[in-house]
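By convention in this document, chain letters (A, B, ...) are assigned in the order of the sequence lines, proteins followed by strands, and residues within each chain are numbered from 1. Given the structure is predicted, the values throughout are model-derived calculations rather than measurements.
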Protein chains: 4
Amino acid sequence: MARVTEEHIEARRRSILEAAARVFGECGIASATMADIADAAGISAGAIYRYFPSKQDLAHACFKEGAAQIADLWGQRAAESPDPMAAFYAVAAQSFEDLGTPEAAAHTRIMLENFLEVTRSGDQPLRDAANSEHRHIIRGLASMLYAVQSSGRLPEAVNANHLAEALYAFWLGARIVRMLDPEFDTDAQLAAVSSLMIAAAPSA
Amino acid sequence: MARVTEEHIEARRRSILEAAARVFGECGIASATMADIADAAGISAGAIYRYFPSKQDLAHACFKEGAAQIADLWGQRAAESPDPMAAFYAVAAQSFEDLGTPEAAAHTRIMLENFLEVTRSGDQPLRDAANSEHRHIIRGLASMLYAVQSSGRLPEAVNANHLAEALYAFWLGARIVRMLDPEFDTDAQLAAVSSLMIAAAPSA
Amino acid sequence: MARVTEEHIEARRRSILEAAARVFGECGIASATMADIADAAGISAGAIYRYFPSKQDLAHACFKEGAAQIADLWGQRAAESPDPMAAFYAVAAQSFEDLGTPEAAAHTRIMLENFLEVTRSGDQPLRDAANSEHRHIIRGLASMLYAVQSSGRLPEAVNANHLAEALYAFWLGARIVRMLDPEFDTDAQLAAVSSLMIAAAPSA
Amino acid sequence: MARVTEEHIEARRRSILEAAARVFGECGIASATMADIADAAGISAGAIYRYFPSKQDLAHACFKEGAAQIADLWGQRAAESPDPMAAFYAVAAQSFEDLGTPEAAAHTRIMLENFLEVTRSGDQPLRDAANSEHRHIIRGLASMLYAVQSSGRLPEAVNANHLAEALYAFWLGARIVRMLDPEFDTDAQLAAVSSLMIAAAPSA
DNA sequence: GATGAATGAGATTTCATTCAT
DNA sequence: CATGAATGAAATCTCATTCAT
């Protein structure tokens, strides 16, 4: 089985990563065993170590993968949409809805586990990586809000940057509660926030 | 005599619970060992089993304990304050600030671990317990907002219930990001939200 | 089984150490498994870790134990014997004979494995420990030879110190070859060395 | 064509053997991995199995190789030198000095590992092979001593055969201690032994 | 009632070896 | 023939839990 193409190797790496995300999401990083992941990926446990040096590295790779996907989601939608405010609603609504899929739910859980590990271990590079992820999204959100403010639909008295942070926090918190409580109506919450912003818009 | 014994038992139970919260918060539930907890509580590992049937039960008891404390915080402050809106700011600001203390940080982490376990295990009673906790807080928040709305400082177009949920989500998400990123300025975010609500207030 | 006496613990430690020496001697440190040692000691593998933090530490403890026994042997005999030269023959002959016992053979093998590890790892403290052992014996040997030289039975032209080192090297090498080759006649060699020294004695 | 292939095969075999000796000497047989050896030999791990059926066989081949080199050393020098006693000093001094080179140090270590395995496994052919090696050297040494004795420089009372064995043991032991302890002055020891033999020489 | 030594069931990780390419 | 990805069988070490003292 030697002399395999580069793509084959990359594909194997990805399939391990996907299996790991699935299993980690289901069982938690600590409880999941390498054997579980190997089974899910259809290979032997030992084979994983050709692609990832340790369970911890595999978990980190899963986290980065998930973070990249989330960042993509925000970046893509923001670029697509002509109305910046609508983009926020679209992305938020989309990601809330995605929570129903096992992948997105798993990613949310892995992200939280990563958060827990980072705040506990005090590993600064890891912390920086985690921070840069949310800062990236907040920056995007803030630039949306600046555009809204420029168009006169957000009062000057509101600090766009800080509101972007608050919206990010809302989005993160809502995802969490929503996973726990399916009756937690994220769409209605989005609508409430929206109506608040409309009400706050300087009357033309 | 029996009375004294019972008190003694309860005191022992509490000291174990406190030690467990401390250790679970620091190390994570999976990594913490019963020996760690026993050391922190100043007893032997075997003795814990007289008070809690298993590590898992001990962890559940910690969750409940933490949830009760958070609920107390909200209930107490809300009752104290004459101005409902101010109460929200006070509690939120207080809890953001508390994140600097090891106890509050540990509680936040334990709550998240609880969340993770609940969404994974599908254990309905546990899920209900977790849900009832945030619903309790949201109810309090909603009644504050109704009061604000009644006083004419919040537009009728905004659904107070859903806004309460959104504020709760914001509060939860902000606590999380703040633990990761000390530069995440929760006070400024509260101010931004506040200024938005003021701007949205029906002009007298 | 708690609240065991200090002696019981020490006894358990010793029984593990003895079992380990037996098994390490038989199989080699690398090949021996903790399960083998646990079986030999009549306990579970996990229990060993209460007494020794790792397999490596256990191996080192075995080595030190063996070294201490050897040093005792030299020290004791040297003190007992009025004739220093006879003491050397006695100790050497004794230790050559001992090679027939499993314990002594095991110790010789463990010592060699320790030597191999030390020269490979470059761990200086370990190296120092190993060196101090043979230096101790050589010092004893040298003081014997000085006494012999003082009594005029060894020419002044011979450096007693260096001859002591040579005798130590001979003793070590002979033990090794003897284990390999039962026909290697260590007594005859001792006699040959002895006759050489007698021949070298300044004629009265 | 067939001839070329055969030479090629032999060359490959030798390069693997050399790489294995290097790696085994550095890491020890148990710790060395087939991958390490393959890297050192510049081939793939799987290819080794075309030349040697198993790791153990490879190790045995290394032993034999090392033994042959040592025997060569003694045979060559002994033949070269007109004065047999000088030959012993030359070979011994040379091999002590060589211990500074990685190759010679590796050979000494491999020899010891071989010794350990042989005395443990009870594999008689292996034991015989190891024995025949030192007997070969001892025979050479003994014939030197006979020559010395014939020339009247060694008393008849000394058994040349047994003294040869003792010198061999000294040489082996000194090599070992010297590797551990660089301050172990093998030249001075040789000189001490030499002075003892001179003193023992029947006064003309 | 408390203790802590012991158990025993894994979990991660490593490699010799094989064999499809 | 060589390659090196994959296997699968350990081996070390960790802990929740039990129970003799």
Side-chain angles (χ1 to χ4, degrees), chain A residues 1-5 8-9 12-13 16 30-38 41-58, chain B residues 5 8-9 12 30-39 41-59, chain C residues 1-5 8-9 12-13 16 30-38 41-58, chain D residues 5 8-9 12 30-39 41-59:
Chain A
M1 253 185 232
R3 221 167 267 163
V4 185
T5 60
H8 180 98
I9 288 185
R12 181 54 63 99
R13 220 190 113 91
I16 293 173
S31 300
T33 73
M34 293 303 266
D36 291 340
I37 296 168
I43 56 171
S44 72
I48 298 178
Y49 288 84
R50 281 206 155 268
Y51 299 88
F52 299 93
S54 73
K55 187 187 181 184
Q56 186 152 172
D57 283 274
L58 180 54
Chain B
T5 299
H8 179 249
I9 286 179
R12 190 49 76 94
S31 299
T33 72
M34 293 301 266
D36 291 340
I37 296 168
D39 280 356
I43 58 169
S44 73
I48 297 178
Y49 287 82
R50 293 228 154 250
Y51 300 91
F52 299 92
S54 74
K55 188 186 180 185
Q56 181 143 189
D57 284 276
L58 181 54
Chain C
M1 255 183 230
R3 222 168 266 164
V4 185
T5 60
H8 180 99
I9 288 185
R12 181 53 64 99
R13 218 189 114 91
I16 293 172
S31 301
T33 73
M34 293 302 267
D36 291 340
I37 296 168
I43 56 170
S44 72
I48 298 178
Y49 289 85
R50 280 205 157 269
Y51 299 88
F52 300 93
S54 74
K55 187 187 179 183
Q56 186 153 172
D57 283 274
L58 180 54
Chain D
T5 299
H8 179 251
I9 285 180
R12 187 54 72 94
S31 298
T33 73
M34 293 301 265
D36 290 341
I37 296 167
D39 280 356
I43 58 170
S44 72
I48 297 179
Y49 287 82
R50 294 225 154 252
Y51 300 90
F52 299 91
S54 74
K55 187 186 180 184
Q56 180 143 187
D57 284 276
L58 181 53

Query raised in the report: Among the nucleotides E/dT3, E/dA6, E/dA5, which one has an atom lying closest to any side-chain atom of C/Ile9?
Result: E/dA5
**Report entry** Secondary-structure notation, DNA chain E, from Watson-Crick and G-U pairs under 3.5 angstrom (| other strand)
**Finding:** .||||||||||||||||||||
Query raised in the report: What distance do B/Thr33 atom OG1 and B/Asp39 atom CG have between them, rounded to the nearest 0.5 Å?
Result: 7.5 Å
Report task. Figure out the NE2/C1' separation between A/His8 and F/dG4, and round it to whole Å. Result -> 12 Å
Requested in this report: Have a look at B/Tyr51 and say if it touches a base, only the backbone sugar-phosphate, or nothing, with a 4.0 Å heavy-atom cut-off.
Outcome: sugar-phosphate
Query raised in the report: Hey, is the side chain of B/Arg12 poking within less than 4.0 Å of OP1 or OP2 on E/dG1, counting only N and O atoms?
Result: no
Query raised in the report: When every nucleotide of nucleotides 10-17 of chain F is labelled 5' to 3' by its protein contacts under 4.0 Å (heavy atoms), B for base, S for sugar-phosphate only, - for none, what sequence of letters results?
Result: -SSBBSSB
Query - CD1-CZ distance between C/Ile16 and C/Arg50, expressed to the nearest 0.5 angstrom - result: 11.0 Å
Query raised in the report: E/dC19 P sits how many Å from D/Ile48 CD1, rounded?
Result: 18 Å
Query raised in the report: What are the two closest non-hydrogen atoms of B/Arg12 and B/Ile43, and how far apart are they?
Result: NH1-CG2, 3.5 Å
Query raised in the report: Whole-Å distance between E/dT13 P and A/Ile37 CD1?
Result: 10 Å
Query raised in the report: Can you name the residues that form a side-chain hydrogen bond (donor to acceptor under 3.5 Å, both in side chains) with C/Ser31, not counting sequence neighbours?
Result: none
Query raised in the report: Should B/Arg50 be listed as having a side-chain N or O under 4.0 Å from OP1 or OP2 of E/dT3?
Result: no
Query raised in the report: Do you know the tightest heavy-atom contact between B/Ser44 and B/Ala38?
Result: C-CB, 3.6 Å
Report summary line: d(A/Lys55 NZ, A/Ile37 CD1) to nearest 0.5 Å is 6.5 Å
Report task. Kindly indicate whether the side chain of B/Tyr51, heavy atoms from C-beta on, has any atom under 4.5 Å from the side chain of B/Leu58. Result -> no
